[in-house]
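Here the structure is laid out as structure tokens; the discussion comes afterwards.
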Amino acid sequence: MDTAMQPDVLVIDDLQKHFGGLEIMRGVDLTIKQGERHALVGPNGAGKSTLFNLISGEHRPSGGRIYLRGQRISGLKPEQISRRGLTRSFQITNVFSRMSAFENIRIGVMARHGIRFNLYRRIKPMRAINDEAHALLQQVRLDHRADNLASDLTYSEQRALEIGMTLATGAEVILLDEPTAGMSRDETAYMVELIRQVTEGKTLMMVEHDMSVVFGLCDRISVLVYGRILATGGPEEIRSNQEVQSAYLGEEEEH
Amino acid sequence: MRYALIAILALLALLIIAPPLLGTGWQYALINALIAALFAAAFNLLVGQGGMLSFGHAAYFGVGAFTVIHLMQSVEYGDIPFPTVLLPLAGAAVSLLCGALAGFFATMRSGVYFALVTLALAELLHSLAPHWDEMFGGEAGLSSMRMPSLGFTFGSTLEVYYLTLSWVVICIGLLYAYTRTPFGRLTLALRDNEQRIRFMGFNAHGTKIVVFAISAMFSGVAGSLMAISNETANYSVFSTQVSALVVLHTFVGGSTIFFGPIVGACVLSLFTFVVSGVTHSWMLYQGIIFVLVMLFAPKGIGGVIQAHIEQRHALPWKRLAAPYALATLAGLMVACATVFVVQSLEIVLSREYAAAVARTGEYAPYTVFAREWQVFHPFTWLFPVLLLVPGLYLLRRAFARIQTLWDKDDDDDNGDIAAAPRELMEGGH
Ligand SMILES: Nc1ncnc2c1ncn2[C@@H]1O[C@H](COP(=O)(O)OP(=O)(O)OP(=O)(O)O)[C@@H](O)[C@H]1O
Ligand SMILES: [Mg+2]
């Protein structure tokens with residue numbers, strides 16, 4: 001898709017983060033366009049997860065600003081950011097392990113409908129909530145696992161569930177941290193297809209190490225190295241960028 | 001589901017019909033069991049569902065008790081008219097407020113730190129209460145009398161029993177209904193993964209405060225009922241023992257199941273009632289039960305019952321009957337041996353027995369199991385060994401057999417579950 005004409009959804013301006021004396025984020029500038037699929041790549045320890053933690057409110061930035069649709073979100077709490085329409089998944093599987101797959105999703109649907117302190121109604125007859133949860137479960141192709149405990153799902157099913165939970169909150173901007181990590185080739189292909197389908201019409205930002213996934217799925221790519229964005233551009237641009245070649249891609253190929 | 005409803009209704013009918021036929025001692029014991037059951041259910045909302053282990057829940061139980069004693073005094077002196085039947089509402093309200101306040105601070109931390117904050121708050125009350133006469137009546141505590149209301153005099157234990165039963169049934173019903181609400185589901189999600197619910201747009205701290213406050217509120221109702229029943233309360237309701245006892249009840253019953261703690265509280269408090277009348281060592285027996293349950297049935301009595309109900313169609317009951325009977329027999333043998341040793345030691349090591357020996361110069365026979373035993377007779381020592389050794393051996397055998405029968409059944413089951421989705425997955429691609 002041509003995203004150049006689209007409005008900016010997420011704007012990161014001179015973002016900095018240090019843990020103690022350790023500078024992890026050293027002035028990141030990044031703009032994510034409405035509706036694009038944006039990959040964040042970079043070597044281990046570059047600060048990709050930290051950047052997600054900063055955007056989603058897990059950590060407070062040490063400096064700089066983050067805007068979501070023009071509104072400043074840096075400094076807000078995770079739940080406030082989530083309610084403004086930005087949700088994330090985690091690098092390690094992070095589900096409600098002792099609840100069923102269906103219930104995992106339904107908690108997200110409750111969030112979307114603003115049902116937070118409802119103690120006076122039974123949830124079972126809440127048609128809209130339950131139907132929506134079922135539909136989402138179907139969308140991530142886990143409907144046959146609805147009643148299984150999340151902890152009983154296979155690893156790749158759990159990752160799909162994660163994505164379902166992220167979608168359920170109704171977020172327009174979705175951050176996925178290595179959704180295909182640790183998956184076989186087949187599972188990865190399956191997951192990429194799933195992500196493509198469910199993020200249709202939404203804005204996606206994902207951390208991904210697998211370059212074939214990145215080049216196949218994403219419209220634009222940013223390369224993060226030691227807390228700075230080295231380059232941002234389309235797949236061709238990134239592939240042919242000399243600096244990226246030497247700093248990252250070349251290094252990857254040596255493995 | 002229908003069977004569960006029938007079972008509950010039958011139990012309820014029994015609880016309504018039986019007590020008039022019992023003596024006041026048993027009526028009183030049942031009142032205490034009901035109160036313990038409500039307290040454990042309220043406590044388990046926090047622990048089992050919310051995933052927050054409190055070591056200071058006596059605080060909210062005690063606040064409910066003292067609130068009601070104060071109110072009863074005011075009613076007694078004619079200051080305020082307040083019907084006796086509705087007294088627990090006042091205890092609930094004050095405990096809810098205290099719970100919200102304490103919960104606000106305690107839930108800022110989790111795990112061990114949370115437990116320590118709750119413990120410290122209860123200890124604070126426990127050490128403050130004896131020195132604060134107006135509020136807690138000093139060391140002696142406060143007393144009052146139940147006033148007649150709505151046509152009941154509340155003079156007899158039986159009337160107090162029915163009042164307690166009504167409140168406990170309503171409150172446990174409400175606690176169960178809680179689990180079926182959206183917030184009840186959110187509570188479970190909070191237990192499983194607090195971080196995730198924050199990133200899904202929920203205020204985790206606020207959620208935890210509400211769970212804490214509601215748990216405190218129902219604990220306060222239990223405390224209120226205790227105050228109404230005893231017509232008195234003193235600082236010892238805030239003691240660590242009270243906090244520890246509800247933990248014991250909850251885990252013996254099983255905190256992962258709604259009805260577990262209720263079962264645990266009823267079983268243990270009735271056990272205490274019966275056994276403490278017979279022996280001083282009842283706390284030791286309670287401790288032994290706790291350790292055994294934690295070691296061999298970590299999901300508690302409730303967990304064992306639930307496993308049987310869930311597997312009822314799959315279990316080979318006919319083949320299980322023999323090993324179950326054997327396990328019961330062997331268990332009784334081991335229990336007899338243990339009780340014999342504990343009771344013998346209790347008597348022989350007692351001060352009275354030592355005094356008698358010093359006075360007469362001889363070791364008099366003592367009585368256990370309605371039989372006389374000589375301290376130095378070999379059979380006295382052989383008897384428990386003869387029960388214990390074969391008992392343990394048979395118990396092991398029986399459990400090994402039970403295990404294989406259960407596992408066999410489990411294997412079949414897993415096979416089925418694993419096979420189904422694979423087919424579905426392949427069909428779906
Ligand atoms: N809370 C923290 N406290 C201190 N240091 C941290 C913290 N979080 C991250 N770091 C450090 O920041 C650096 C970047 O970590 P981060 O997890 O963001 O890397 P990443 O790019 O996601 O790497 P990977 O590809 O391995 O997931 C690492 O050196 C890490 O040790
Ligand atoms: Mg990372």
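Labels below follow one simple rule: chain letters A, B, ... track the order of the sequence lines, proteins then strands, and each chain is numbered from 1.
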Could you grab the distance from atom [atom1] of [X] to atom [atom2] of [Y], nearest 0.5 Å is fine?
| X | Y | atom1 | atom2 | answer |
| --- | --- | --- | --- | --- |
| B:F199 | A:N94 | CZ | CG | 9.0 Å |
| A:N104 | B:R196 | CG | CZ | 8.5 Å |
| A:R98 | B:T256 | CZ | OG1 | 8.0 Å |

For [Y], does its backbone N or O pair with a side-chain atom of [X] as donor and acceptor, under 3.5 Å?
| X | Y | answer |
| --- | --- | --- |
| B:N193 | A:F96 | no |
| A:S82 | B:G201 | yes |
| B:R198 | A:P78 | no |

(request) Select, from A:N118, A:I129, A:D152, the one with the greatest count of heavy-atom pairs under 4.5 Å involving chain B. (result)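 The answer is A:N118.
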
(message) With chain B as the partner, which of A:R84, A:E162, A:R112 has the greatest number of non-hydrogen pairs under 4.5 Å?
(response) A:E162

Where [X] and [Y] come nearest, the two heavy atoms and their spacing:
| X | Y | result |
| --- | --- | --- |
| B:R185 | A:M99 | O-CE, 3.4 Å |
| A:R116 | B:F183 | O-CD1, 3.1 Å |
| B:A189 | A:I107 | CB-CD1, 3.9 Å |
| B:I214 | A:L119 | CD1-CD1, 3.5 Å |
| B:P182 | A:R122 | CD-C, 4.4 Å |

[X] atom [atom1], neighbour heavy-atom count above 12 within 6.0 Å:
| X | atom1 | result |
| --- | --- | --- |
| A:I92 | CD1 | no |
| A:H18 | NE2 | no |
| B:Y113 | OH | no |
| A:R72 | CZ | yes |
| A:R60 | CZ | no |
| A:K202 | NZ | yes |

(message) At a 4.5 Å cut-off on heavy atoms, which part of A:M165 comes close to chain B: side chain, backbone, both, or neither?
(response)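 Both backbone and side chain.
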
(request) Start with the C-alpha distance between B:Q195 and A:E58, add both sets of side-chain angles, then the distance that settles side-chain contact (heavy atoms from CB on, under 4.5 Å), and finish with yes or no. (result) CA-CA 9 Å; B:Q195 185 191 39; A:E58 172 86 334; 3.1 Å; yes

(request) Check the pair A:K124 / B:R180 against side-chain contact (heavy atoms from CB on, under 4.5 Å), numbers first and verdict last. (result) CA-CA 8 Å; A:K124 213 170 170 190; B:R180 308 278 126 180; over 6 Å; no

(request) Just give me the residue among B:T207, B:L190, B:T179 that pairs up with chain A most often, heavy atom to heavy atom, under 4.5 Å. (result) B:T207

(request) Show the numbers, then the answer: is there a side-chain contact (heavy atoms from CB on, under 4.5 Å) between B:N203 and A:R83? (result) CA-CA 11 Å; B:N203 177 345; A:R83 286 176 208 170; 4.1 Å; yes

